[in-house]
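Reviewing the structure listed below.
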Amino acid sequence: MSKISMSSRLNIRKVAPDAIQALNVLDEYMHCSGLANNHKHLIKLRVSQLNGCAYSIHKYSGEARSAGITEERIYGLTAWKTSNLYTEDERSVLYLAEEVTLIQDHHVTDEVYTRAMYFFDEYYFSQLLMAIITINAWNRITIVSNMLPDK
């Protein structure tokens, strides 16, 4: 197997712009959905942390700051399960985001599903699910393409 340098990774935006445009449509759908801003930002950041996507963590932490999310809540996100910085509905969103992102571990448990349905109706739940899926897709493209944040 030949070695490929990181600098020669595929630029999917150039090679398959229609695919990126399709994902942009999902992104716009998420942006215009009825999701609360705090839920959107928590999903973007936590999913990106779980996937180890440095580019997205950098991008989405900046977006969260601009939206008024405090530094304490941004930095505390990696330990949210043992933190009192997040409301019960936010915790439900974070549980769902983790289980969907790490779905190979144990799928989405009944406990997490039931908890989310306690706080949200089916429509809002579907919006959460689509946001989680969208960010996971962006993370995977970014990681495979080896996109790094600007220094």
Just how far is it from atom [atom1] of [X] to atom [atom2] of [Y], taken to the nearest 0.5 Å?
X: His41; Y: Leu35; atom1: NE2; atom2: CG; result: 11.0 Å
X: Met130; Y: Ile43; atom1: CE; atom2: CD1; result: 11.5 Å
X: Arg73; Y: Thr70; atom1: CZ; atom2: OG1; result: 6.0 Å
X: Met117; Y: Glu122; atom1: CE; atom2: CD; result: 4.5 Å
X: Leu96; Y: Leu42; atom1: CG; atom2: CG; result: 12.5 Å
X: Ser92; Y: His39; atom1: OG; atom2: NE2; result: 8.0 Å

Please check: side-chain N/O of [X] versus main-chain N/O of [Y], any donor-acceptor pairing under 3.5 Å?
X: Arg115; Y: Glu111; value: no
X: Asn136; Y: Ile132; value: yes
X: Asp121; Y: Tyr123; value: yes
X: Ser33; Y: Met30; value: yes
X: Ser145; Y: Thr142; value: no
X: Arg46; Y: Ala97; value: no

Closest heavy-atom pair and its distance - [X], [Y]:
X: Glu72; Y: Tyr86; result: O-OH, 4.4 Å
X: Arg140; Y: Thr101; result: NH2-O, 4.1 Å
X: Ile135; Y: Ser48; result: CG2-OG, 4.0 Å
X: Phe120; Y: Phe125; result: CB-N, 4.3 Å
X: Leu50; Y: Leu102; result: CD2-CD1, 4.1 Å
X: Ser61; Y: Leu45; result: N-CD2, 3.5 Å

Can [X] and [Y] be counted as having a side-chain donor-acceptor contact under 3.5 angstrom?
X: Thr134; Y: Asp27; answer: no
X: Gln49; Y: Thr78; answer: no
X: Gln127; Y: Tyr29; answer: yes

When clusters are formed by joining ILVMFWY residues with side-chain heavy atoms under 4.5 Å apart, either directly or through shared neighbours, do [X] and [Y] land in the same one?
X: Val47; Y: Val108; value: yes
X: Tyr60; Y: Ile57; value: no
X: Ile141; Y: Val144; value: no

Tyr113 and His107: aromatic ring centres closer than 6.0 Å?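 Judged by ring-centre distance (under 6.0 Å), Tyr113 and His107 do not meet the cut-off.
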Contact check, side chains of Val25 and Gln21, non-hydrogen atoms, under 4.5 Å: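 Val25 vs Gln21: side chains touch.
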Does a side-chain heavy-atom distance below 4.5 Å link Leu23 with Trp138?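 Side chain of Leu23 against side chain of Trp138, heavy atoms only: contact under 4.5 Å found.
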When you check the gap from the basic side-chain N to the acidic O, do Glu63 and Lys40 get nearer than 4.0 Å?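 Salt bridge absent between Glu63 and Lys40.
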Holding to side chain to side chain contact (heavy atoms under 4.5 Å, CB included), I want the full list of residues that pass it with [X], two or more places apart in sequence or in another chain.
X: Lys81; answer: Tyr95, Glu98
X: Glu28; answer: His31, Cys32
X: Ala22; answer: none

Among Val112, Asp105, Leu94, which one satisfies side-chain contact (heavy atoms from CB on, under 4.5 Å) with Glu99?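 By the side-chain contact (heavy atoms from CB on, under 4.5 Å) criterion, Glu99 pairs with just one of Val112, Asp105, Leu94: Val112.
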Counting only heavy atoms not in Asp110, do more than 12 sit closer than 6.0 Å to its CG atom?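 No, because the 6.0 Å sphere around CG of Asp110 holds 12 heavy atoms or fewer from other groups.
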